[in-house]
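Have a look at the structure below before the remarks.
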Amino acid sequence: MTLWSQFFIPTLKESPADAEIASHKLLVRAGLVRKLSGGLYTYLPLGLRVMQKLTEICRQEINAGGGIELWMPHVHPVENWEQGPRWAAAREIMFRADSAGDGQRAPREPQFVLGPTHEEIITPLVKTEITSYRDLPKNFYQIATKFRNEIRPRYGLMRAREFVMMDAYSFDTNDEGAVKSYFAMKTAYERFFRRIGTLAIAVEADTGVMGGSYSHEFMVPAEVGDDDIIYCEESGYAANREKATSRLVPDGLADAAPAGEITEFATPGVVTIAALEAAPYGVPADQQFKTLVYIGDGKPFLVILRGCDELEEAKLGQLGFGLFRPATAEEIVAVMGAKPGSLGAVRGTLANPGALAGVFADAAIRLIGNGTTGANKDGFHVRNVNVARDLAISRFGDFRRVRAGEPCPRSGQPLKSRRGIEVGHIFKLGTKYSEKFGAVYTDDQKQSHPMVMGCYGIGISRTLQAVIEQSHDADGIVWPWSVAPFQVLICVFDPQLAEASDLAKRLAAAAERAGADVLIDDRTERPGVKFKDADLIGIPLRVTIGGKGLKEGIVEVKARRAKDVSKVPLADAETHLASTIAALAAGT
RNA sequence: CGGGGUGUAGCUUAGCCUGGUAGAGCGCCUGGUUUGGGACCAGGAGGUCGUAGGUUCGAAUCCUAUCGCCCCGACCA
């Protein structure tokens with residue numbers, strides 16, 4: 001049992017000025033963390049206890065899912081990253097660490113970086129240690145600090161520069177095994193989030209800079225989340241908006257027949273979709289072809305969308321470019337011969353088709369059939385443009401951003417959308433890293449093959465905050481039993497009375513025998529202060545020992561979640577406490 | 001990195017527009033009265049007003065630069 005007066009729980013009456021969202025305010029007010037600098041936090045004793053509980057539950061479930069725990073360095077030789085497949089993209093977020101004394105010399109490439117994740121470390125390790133199919137599959141993990149120089153740290157622990165993550169890496173002999181490892185981890189994640197009493201739903205996700213073939217994100221639904229989840233209750237479909245699709249284009253849609261000859265018409269000063277919709281032109285946005293210019297690995301390419309649709313930039317990842325970005329106005333003029341607003345992809349109007357790395361069309365433009373687009377000549381557009389006949393399309397794909405209300409790809413019912421916090425992610429990586437690092441094994445036919453990998457992450461510190469975001473009220477945090485820093489709080493109003501403090505110790509011992517972590521509020525504070533602090537730090541079960549109750553021969557027992565207080569006769573207090581603890585522990 | 005905001009005591013802040021030498025609440029220390037939902041009284045400590053320049057007789061206040069922090073965008077667990 002821990003005595004509050006001997007512990008350290010610096011609670012605040014007022015919210016810190018730099019906190020915006022409820023969970024961030026409560027993290028600070030309840031004395032869980034303190035900020036050192038943007039995205040850098042000290043975990044105070046109470047916050048650390050929650051981290052330790054989350055870590056232990058995570059460890060148990062990953063172990064149960066086949067994970068083998070190890071510990072890797074946080075300082076990485078830069079060579080590992082240079083050798084890996086994503087140095088160009090990843091270096092932006094990495095902290096550099098130079099050798100001692102190098103600060104005085106001329107700037108140059110760093111010799112070390114602080115690890116943002118560990119594919120580049122684990123894969124070379126496995127390469128040297130595992131060479132036979134007999135030693136596979138393996139799934140290694142650690143629960144450790146990660147460093148990412150986030151451009152914009154946000155919302156306390158939600159997006160921090162230094163944070164705690166469980167990261168796991170699976171190695172299999174073939175695709176089938178990798179899928180098995182993947183789903184074993186998915187199951188472990190589901191068990192983890194259930195055990196910590198937090199709703200996190202698995203959604204289909206974009207693979208981003210990690211690469212790989214497919215992935216799921218675990219999302220805690222919350223208004224303050226950074227991600228949009230597109231979902232359908234009917235079919236159970238759920239995806240990150242970056243990845244989500246809809247059945248907007250019916251299967252087997254026939255190409256529209258040409259409606260007439262292409263006709264150029266003057267549109268002086270018209271450079272937006274909206275301007276072309278307006279009088280005197282009156283072309284609805286869903287009848288316009290929008291042409292965007294991007295630069296992929298140095299070469300320009302075009303993306304064609306309906307005028308009413310928006311590009312979902314993450315979906316360009318499927319095109320296979322290492323790096324891509326929107327073209328600048330100057331680059332657009334150079335390649336297209338016209339300024340943005342008058343662009344199109346009609347054959348014959350393209351100034352320099354050979355310079356393009358491709359013309360990628362969103363499938364939804366087939367719904368237009370015949371429409372209007374820019375003439376690649378400032379101040380002119382063309383109408384009667386037929387998708388099949390006239391556009392220089394090299395490939396169709398899904399590039400548009402899905403909106404709520406569109407038909408679900410599975411059920412056809414309207415899709416819904418909500419915000420979520422990404423607390424976990426699982427990737428099926430394939431052989432991207434194993435090939436790069438030469439992590440190969442020999443099979444029973446003496447043949448050599450690259451290992452098939454998966455990688456998996458749970459943001460432990462972010463989860464800590466997501467739990468609070470999901471479980472709080474106007475008075476403070478409402479901890480789920482399994483992750484509460486303490487599970488029972490014994491509030492003693494007159495700690496100087498031997499009768500009261502002896503009773504507190506006796507009940508605390510009983511609660512501990514029942515398996516609970518106990519905090520005794522033995523401070524010489526007024527009752528109001530103690531009640532407010534109790535609600536703020538959110539301990540699931542509160543036992544109050546006060547003069548009023550002692551006269552009646554009772555103690556008061558109240559669950560943080562509940563409104564009502566039960567008065568328990570002293571004689572029954574220990575058994576009542578034990579059974580209540582058992583019920584709460586089973587409930588989570 | 002682009003856009004917007006902000007920096008005054010440990011915390012929350014007033015004062016800034018219209019320059020005249022910094023005020024409150026909480027917290028802290030001392031004493032007293034209180035004691036079931038953030039008590040009250042009396043006394044006290046604590047601030048180079050983010051930093052550096054400039055304007056001025058005089059700068060928290062006006063100007064310039066710079067740094068930190070917060071919010072919106074691109075990125076992520």
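Below, read A as the first sequence line, B as the second, and so on, with proteins coming before strands; counting in each chain starts at 1.
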Please name the pair of heavy atoms, one in K290(A) and one in E310(A), separated by the smallest distance, quoted to 0.1 Å.
NZ-CA, 4.3 Å

For F493(A) and F531(A), which heavy atoms make the closest approach, and how far apart are they?
CZ-CZ, 3.3 Å

Among K299(A), E313(A), R325(A), which residue meets the side chain to side chain donor-acceptor pair (under 3.5 Å) test with Y294(A)?
E313(A)

Against E56(A), only a single residue in Q60(A), K53(A), Q52(A) fulfils side chain to side chain donor-acceptor pair (under 3.5 Å); can you say which?
Q60(A)

Does the side-chain ring of F531(A) lie flat on the base of G38(B), meaning centres under 5.5 Å and planes less than 30 degrees apart?
no

Over 60° means perpendicular and under 30° means parallel, so tell me whether F301(A) and F321(A) are parallel, tilted or perpendicular.
parallel

Parallel, tilted or perpendicular: which fits the ring planes of H74(A) and W71(A), with parallel below 30° and perpendicular above 60°?
tilted

So for R154(A) and G73(B), does any side-chain atom that can act as donor or acceptor lie under 3.5 Å from a complementary atom in the base?
no

G38(B) base to E525(A) side chain: any donor-acceptor pair below 3.5 Å?
no

Check whether any side-chain nitrogen or oxygen of [X] sits under 4.0 Å from OP1 or OP2 of [N], and answer yes or no.
{"X": "K13(A)", "N": "U12(B)", "result": "no"}
{"X": "K35(A)", "N": "C70(B)", "result": "yes"}
{"X": "R462(A)", "N": "C76(B)", "result": "no"}
{"X": "S37(A)", "N": "C69(B)", "result": "yes"}
{"X": "Y155(A)", "N": "C72(B)", "result": "yes"}
{"X": "R159(A)", "N": "C76(B)", "result": "no"}
{"X": "R152(A)", "N": "C72(B)", "result": "yes"}

Would you say K35(A)'s side chain and G39(A)'s backbone share a donor-acceptor pair under 3.5 angstrom?
no

Cation over ring, R49(A) on F486(A), under 6.0 Å and within 45°?
yes

From the list [options], which nucleotide is the closest neighbour of the side chain of [X]?
{"X": "D533(A)", "options": "U12(B), A77(B), G38(B)", "value": "G38(B)"}
{"X": "E422(A)", "options": "C70(B), G38(B), C76(B)", "value": "C76(B)"}
{"X": "I151(A)", "options": "U12(B), C70(B), C1(B)", "value": "C1(B)"}
{"X": "D535(A)", "options": "U35(B), G36(B), G37(B)", "value": "G37(B)"}
{"X": "L536(A)", "options": "G38(B), G37(B), U35(B)", "value": "G38(B)"}

Base, sugar-phosphate, or nothing: which does [X] touch, judged by heavy atoms less than 4.0 Å apart?
{"X": "P116(A)", "value": "nothing"}
{"X": "R325(A)", "value": "nothing"}
{"X": "G546(A)", "value": "base"}
{"X": "E556(A)", "value": "base"}

Taking side chain to side chain contact (heavy atoms under 4.5 Å, CB included) as the criterion, tell me which of D535(A), I537(A), L32(A) meets it with I477(A).
L32(A)

In this structure, which stretches of RNA chain B are paired as stems of three or more consecutive Watson-Crick or G-U pairs, both distances less than 3.5 Å?
B:1-7 with B:67-73, B:10-13 with B:23-26, B:28-33 with B:39-44, B:50-54 with B:62-66

Between R86(A) and E120(A), does any side-chain N to carboxylate O distance fall below 4.0 Å?
yes

Tell me which residues in residues 220-229 of chain A put a heavy atom below 4.0 Å from RNA chain B, sorted by number, or none.
D226(A), D227(A)

